[in-house]
There are 2 protein chains.
Amino acid sequence: MVTLAEVAQHAGVSASTVSYVLSGKRSISATTRQRVEQSIRELGYHPNAGARALASNRSNIIALMVPLRTDMYVPVMMEIAIAVATAARTHGYDVLLLTGEEGPDAVRRVTGSGLADAMILMDVQLEDERLPLLRGSGQPSVLIGLPADASGLTCVDLDWTATGALCVEHLAGLGHRDVAVVGEAPAVYERHTGFAERTLEGLRSRARAAGVRLLHRACEGGYDAMAVTLARILEERPGTTGFVVQNESAVEPLLALLRQQGRAVPEDVSVVAICPDQVAVQASVRLTSVAIPAQEMGRHAVEHLVAKLDGRGGDEVVLLAPELTVRASSGPAPAAS
Amino acid sequence: MVTLAEVAQHAGVSASTVSYVLSGKRSISATTRQRVEQSIRELGYHPNAGARALASNRSNIIALMVPLRTDMYVPVMMEIAIAVATAARTHGYDVLLLTGEEGPDAVRRVTGSGLADAMILMDVQLEDERLPLLRGSGQPSVLIGLPADASGLTCVDLDWTATGALCVEHLAGLGHRDVAVVGEAPAVYERHTGFAERTLEGLRSRARAAGVRLLHRACEGGYDAMAVTLARILEERPGTTGFVVQNESAVEPLLALLRQQGRAVPEDVSVVAICPDQVAVQASVRLTSVAIPAQEMGRHAVEHLVAKLDGRGGDEVVLLAPELTVRASSGPAPAAS
DNA sequence: AAATACTGTCGAAGCGCTTCGACAGCCTAT
DNA sequence: ATAGGCTGTCGAAGCGCTTCGACAGTATTT
């Protein structure tokens, strides 16, 4: 293992000079700099992470806490995680992957040990037990998701309320008067996941304003669960002509079931999905959808975190505006029978 | 930030004693141990990761390199990543998330800086440019995936050759004589990803042995691409009654297309998928499938890595035996028309 | 020409921990 | 009783880096 001292000796300068070349914190003459850089290259020197962290009190690591459960949105999580890792690297940070398993303890551990300089939390609940700790620790952090009380915290999220409203607006504009919402698994609502509840809120309030009857049903996803859910929806509201689906694993089953029942999409029934674009275009019918901008959320989170670490910018809630893309799954409501 | 020295003072012992209590590397009397542990709790002490890494030359971090591209198997990747993180924690390790983006440089960086004690590589190509580096670095590592030359390396993977064989065997046993394989995206084959090529090998050799005609087509996935692929398959082999699908995003489109063409599953056509169980049971037809044991692979990788770090066990190739679960998508071949 | 301000470099201290050798006190075997 | 072996604890060195203050040398100002 090559050390700073060896580089210094090889270049004929002192260790501190090499350090300053590396960090740029003091001016160094061009000739010295070049000589040092040359030595670094020749020797294949890499600064030792531990020593650096100890001396500078900075680890250059960002902790990313992902949910352990894989009952929802796996590809979205993955996309965010990769976006975070990639964005972090462009700022010289590495990413430590924490699973939700340890829960709040992980926050304590990472904060206490100086393992990471900052944290990004995903899958935030409305009342999340990690938040008091985070507020108390003084550790820079960004949430992906929006808790009930965001004071003193920086959050990045899609504007789910607006997302819900947008879906209803689209369907209402096409003349649909009975709209059913196929939601996430019941467990998601039970643990008061912000995005699910907010979407519902947006759906409902816009439905009220637009005179649309709205029926919401949680759904586990998968073919069988969707079959049951659909049957119950149609029993209760036989005149349903519009569907909003916020559950990736219910989309394809729903389309299959509708087809099977002889309901044509979009002629008889319109479907709007809330899902990543990739899912929307790969479905058996190109779906009109509101995209979940996973990459953008990950990138935003990192940018804000880095800003905080650099002493720029403070707490803030960033809500990304939803965008609805019209594809082949939605059209005018059929003439009332 | 509480330090070792403060704990020592609080407990009325020397710093080294506290250190030995923590590491258990020397015997400590019960009373002293308890007093120290008490102080640690009272003060809320957490060892500083950087200092520890510097002094012990061990970071207690495992680097996990995941592919950047998300063109395949995203949920599988995520599941492996989470399994790795979880398993690593039970051994006292944290996981650093590296994306493939940096490529071989990431290996150099992590190895050189002592950021991580070991690496796990995913998405290994048959001829992977990271491998020579890894061999040279002497850094303990485990691959998830199997390169062409595994000498001097530890690898964990599903036995894809056997997986392919198993699929054909199942269909052949049911009397199918014309089997089509819907594979991964062409790019996956072009970059010589081990699992894809090995599966094909297994499919082909067993088909030959069983007298089954096999037609393989790469497929991007998604509805449109699957439609084109299916049309070409049926044009070339109109008598096809069995399908093997190794592409998550082609499964549901294929089922939809078959339905649409009036081909009943499993009466007219049998489908065997290679996918995680969760996908198989959530599909619109419960799929006969060979499971991809993501969790198990992640766990195995960590166990082997930890063994290496502890000086136990050496290089080894672990191939997990595939298991085929019969569900509702496969049945006897229809009587020849 | 003297005073002042930069610029570029160095030496040394110190970050918080692990670990080695030393050693005091005690127990066991001769 | 004495040598030898354990046990439990301590002090000190050192891991590789950053950073502060010092300072020599040169440039700028008065």
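Bear in mind the structure is a predicted one, so any value in this text is a computation, not a measurement. Within every chain, numbering begins at 1; the chains are lettered A, B, ... in the order of the sequence lines, protein sequences first and strands thereafter. Below, all heavy atoms of this structure are taken into account, side chains as well, without hydrogens, waters or symmetry copies.
- The distance between atom CD1 of A:I28 and atom C1' of D:dT18, rounded to the nearest whole Å, is 13 Å.
- Considering only side-chain N and O atoms, A:T32 lies under 4.0 angstrom from the phosphate OP1 or OP2 of C:dT9.
- For A:Y20 and D:dC17, a side-chain-to-base donor-acceptor distance below 3.5 Å is absent, hydrogens and geometry of angles not being considered.
- Using a 4.0 Å cut-off, some side-chain N or O of A:S19 falls inside it from OP1 or OP2 of D:dT18.
- Taking only distance into account, the side chain of A:R26 meets the base of D:dG21 through a donor-acceptor pair shorter than 3.5 Å.
- In A:D105, the CG atom is crowded: over 12 heavy atoms of neighbouring residues, nucleotides or ligands sit closer than 6.0 Å.
- Residue A:S14 places at least one side-chain N or O under 4.0 Å from the OP1 or OP2 atom of C:dC10.
- Inter-residue side-chain proximity for B:K308 and B:D315 is flagged as met; some heavy-atom pair is nearer than 4.5 Å.
- Taking 4.0 angstrom as the limit, A:R52 places a side-chain polar atom (N or O) nearer than this to OP1 or OP2 of D:dT18.
- For the pair A:M1 CE and D:dC17 P, the computed distance is 10 Å after rounding to whole Å.
- When the C1' atom of D:dT18 is taken as reference, atom CG of A:L22 falls 11 Å away, rounded to whole Å.
- Mapped onto DNA chain D by nearest heavy atom, B:L54 and B:A30 fall at different nucleotides, with B:A30 at the one closer to the 5' end.
- The CZ atom of A:R58 sits 23 Å away from the P atom of D:dG16 (whole-angstrom rounding).
- Distance, B:E6 CD to C:dC17 C1': 14 Å, rounded to whole Å.
- For the pair B:S29 and D:dT7, the criterion of a side-chain N or O lying under 4.0 Å from OP1 or OP2 is not met.
- In this structure, CZ in A:R108 is found 10.5 Å from CD in A:E102, a value given to the nearest 0.5 Å.
- The interatomic distance linking A:L4 (CG) with C:dC10 (C1') rounds to 14 Å, in whole Å.
- How far OG1 of B:T17 is from CZ of B:R33: 11.5 Å, rounded to the nearest 0.5 Å.
- Expressed to the nearest 0.5 Å, how far CG of B:L134 lies from CG of B:L131 amounts to 6.5 Å.
- Contact check, A:Y45 against D:dC17: a side-chain N or O comes under 4.0 Å of OP1 or OP2.
- We find that CG of A:N48 is positioned 15 Å from P of C:dT18, with the value rounded to whole Å.
- Nucleotide C:dC15 holds its P atom 21 Å from the NE2 atom of B:H46, rounded to whole Å.
- Side-chain nitrogen and oxygen atoms of B:T17 include none within less than 4.0 Å of the OP1 or OP2 phosphate oxygen of D:dT9.
- Distances shorter than 4.0 Å separate some side-chain N or O of B:S27 from OP1 or OP2 on D:dG8.
- Across all strands, A:T3 comes closer than 4.0 Å only to sugar-phosphate atoms, never to a base (heavy-atom distances).
- Close to C:dT18, at under 4.0 Å from its OP1 or OP2, lies no side-chain N or O of B:K25.
- The only member of A:L319, A:L320, A:V318 that meets side chain to side chain contact (heavy atoms under 4.5 Å, CB included) when paired with A:D157 is A:L319.
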